[in-house]
Amino acid sequence: MQPSLLSSDSENRPASLLSEDDIIHWLALRMTPGLGTRKAGKLVEIFRTPQAIFRATRSELQSAGLAPAIAQSVASGCGFEDAAEQRGKMAEFGPSSFPSGRPCIRRC
């Protein structure tokens with residue numbers, strides 16, 4: 001079973017108990033260019049945590065199945081700038097700005 005991204009950390013704590021560091025690493029993983037959900041999930045299966053993924057070398061990431069360019073993106077941490085920006089927006093607008101999980105259907 002593939003781990004749910006942004007749902008828990010390596011200690012299987014609920015999402016509401018993620019540390020700020022955990023949140024930034026999950027966001028950075030999700031925002032890394034070229035890294036999709038399936039491949040990110042596979043990396044979590046292999047490395048166990050987003051922090052460990054970002055500590056991995058480019059060659060370790062390639063050995064885990066990433067293309068060289070994506071491995072370089074992960075190894076360089078290029079998703080962290082976008083993650084920090086998104087985290088700032090989340091803090092600014094608060095949890096009430098996120099969808100409740102129920103789709104809103106407009107009727108004309």
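Note that this is a predicted model, so its numbers are computed, not measured. For this chain, numbers begin at 1 and follow the sequence in order.
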Rounded distance [0.5 Å steps], OG1 in T32 versus CZ in F54: 4.0 Å
Show the numbers, then the answer: is there a side chain to side chain contact (heavy atoms under 4.5 Å, CB included) between I53 and L61? CA-CA 8 Å; I53 293 167; L61 294 165; 4.1 Å; yes
Nearest 0.5 Å, please: how far is CG in L35 from CG in L66? 6.0 Å
Show me the donor-acceptor pairs, under 3.5 Å and distance only, between side chains in residues 70-84 and residues at least two apart or in other chains.
unit_1 : atom_1 : unit_2 : atom_2 : d
S73    : OG     : A69    : O      : 3.3
S76    : OG     : Q72    : O      : 3.0
S76    : OG     : S73    : O      : 3.1

Are K42 and E45 close enough for a salt bridge, meaning some N to O gap below 4.0 Å? yes
The salt bridge (Lys or Arg N to Asp or Glu O under 4.0 Å) partners of R87 (sequence neighbours excluded) come to E20
For the student: nearest non-hydrogen atoms of G65 and K39, plus distance: O-NZ, 3.3 Å
Could you work out, with side chain to side chain donor-acceptor pair (under 3.5 Å) as the rule, every residue matching S59, not counting sequence neighbours? T57
Just verifying a value: how many Å separate Q51 CD and L29 CG, rounded to the nearest 0.5 Å? 10.0 Å
Same hydrophobic cluster for M31 and L43, using side-chain heavy-atom links shorter than 4.5 Å among ILVMFWY? no
Between atom OG1 of T49 and atom CZ of R55, what is the distance when rounded to the nearest 0.5 Å? 5.5 Å
